[in-house]
Number of protein chains: 2
Amino acid sequence: MAYSKSEFFNREDEQLADIAKALSHPARIAILKVLAARQTCICGEIVDELPLSQSTVSQHLKALKQANLIIGEIDGPRMCYCLNESICKKARSMLNSLFNKIKCC
Amino acid sequence: MAYSKSEFFNREDEQLADIAKALSHPARIAILKVLAARQTCICGEIVDELPLSQSTVSQHLKALKQANLIIGEIDGPRMCYCLNESICKKARSMLNSLFNKIKCC
DNA sequence: ATTGTATATCGCAAATATACGATAATAAAA
DNA sequence: TTTTATTATCGTATATTTGCGATATACAAT
């Protein structure tokens with residue numbers, strides 16, 4: 001890539017791209033669905049649901065955390081993850097706003 | 001990555017991830033917006049709108065084409081790109097369906 | 001204090017993505 | 001037919017992503 005992409009595109013496009021990037025791996029989609037399906041905020045059961053190692057799942061969780069789509073809280077020796085509803089809503093509305101612009105051709 | 005991700009996740013998650021991946025770069029978001037903003041389906045003017053070289057823009061167009069989000073038609077010596085409305089709609093509804101599932105915590 | 005459980009991080013390898021210039025390919029125009 | 005314009009592709013360099021095992025860390029339980 002040679003140099004950073006930033007500075008070249010506007011903030012909105014960058015933000016949207018970041019959200020999309022967080023959603024750009026099936027494992028992360030699956031994680032979000034697991035979190036949504038279980039009423040309680042699940043931690044390591046996610047690992048059991050996915051065909052990936054614990055360390056790899058942890059990485060995907062980190063990516064989702066960095067995108068703010070999920071929140072992790074310490075619960076004794078384990079971690080309790082849950083969806084970040086407000087950011088998810090924002091993500092949804094940003095994506096919808098993009099698709100609203102897409103009508104031409 | 002060592003080996004292909006496929007076979008491990010369900011089709012829906014893979015499809016969603018592919019759509020998200022197509023949207024995961026600000027240049028590609030910008031391209032979609034340019035196509036949406038101009039009534040006519042523009043070709044190389046896209047290059048002028050972006051802070052990237054012609055070859056790089058061409059690569060991003062290819063990525064959007066492979067995700068089926070845009071369509072390219074030959075128009076004499078130039079290419080006429082336009083949004084693929086139906087696939088965009090499908091993408092939108094798939095993303096909305098994901099976000100509909102996201103309400104818990 | 002030691003052990004066990006759960007999770008994050010490190011270190012590595014391989015694959016993919018991003019970017020560019022140079023070149024090829026295509027078609028119109030001269 | 002040669003030239004010009006437009007776009008795609010190739011080759012290359014670098015960065016990032018993905019994956020895993022191994023290890024570190026944190027806490028609970030014994």
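Note that the structure is predicted; figures quoted are calculated from it, not measured. In what follows, chains carry the letters A, B, and so on, assigned in the order in which the sequence lines appear, proteins first and then strands, with residues in each chain numbered from 1. Computed from heavy atoms alone, side chains included, the values below leave out hydrogens, waters and symmetry copies.
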Return no unless some side-chain N or O of [X] is found under 4.0 Å from OP1 or OP2 of [N].
X	N	result
A:Lys21	C:dA17	no
B:Tyr81	D:dT6	no
B:His60	C:dA17	no
B:Thr56	C:dC20	yes
B:Arg28	C:dT18	yes
A:Ser58	C:dA8	yes

Nearest whole Å is fine: how far is D:dT18 P from A:Ile29 CD1?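 The answer, rounded to whole Å, is 12 Å.
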d(CG, B:Leu50; C1', C:dA19) in whole Å: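 Atom-to-atom, B:Leu50 to C:dA19, this comes out as 13 Å.
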Just compare [options] and give me whichever is closest to any side-chain atom of [X].
X	options	result
B:Gln54	D:dT7, D:dG19, C:dA19	D:dT7
B:Ser53	C:dC20, C:dT7, D:dG21	C:dC20
B:Ser55	C:dA8, D:dC20, C:dG21	C:dG21
B:Pro77	C:dT7, D:dG19, C:dA27	C:dA27

Given side chains that start at C-beta, do those of B:Leu52 and A:Phe9 come closer than 4.5 Å, heavy atoms only?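 A side-chain contact exists here, since the closest heavy-atom pair is under 4.5 Å.
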Does any non-hydrogen side-chain atom of B:Leu32 lie less than 4.5 Å from one of B:Leu23?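 Yes, at least one pair of side-chain atoms sits under 4.5 Å.
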Considering all heavy atoms of both residues, which atom of B:Leu61 and which atom of B:Tyr81 are nearest to each other, and what is their separation?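 Here B:Leu61 and B:Tyr81 meet closest at CD1-CE1, 3.6 Å.
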Let me know, please, whether B:Leu61 or A:Gln59 comes out on the 5' side of the other along DNA chain D by nearest nucleotide.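 Nearer the 5' end of the strand: B:Leu61.
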Take A:Gly76 and B:Gly44, find for each the nucleotide of DNA chain D with the closest heavy atom, and name the residue whose nucleotide sits nearer the 5' end.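 Here B:Gly44 is the residue nearer the 5' end.
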Classify the ring geometry between A:His25 and A:His60 as parallel (under 30°), tilted (30 to 60°) or perpendicular (over 60°).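 Correct class here is tilted.
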Touch check for A:Ile74, heavy atoms < 4.0 angstrom, all strands: base, sugar-phosphate only, or nothing?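 Result for A:Ile74 = nothing.
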side-chain contact (heavy atoms from CB on, under 4.5 Å) evaluation trace for A:Ile70 with A:Leu83: CA-CA 4 Å; A:Ile70 67 173; A:Leu83 297 165; 4.2 Å; yes
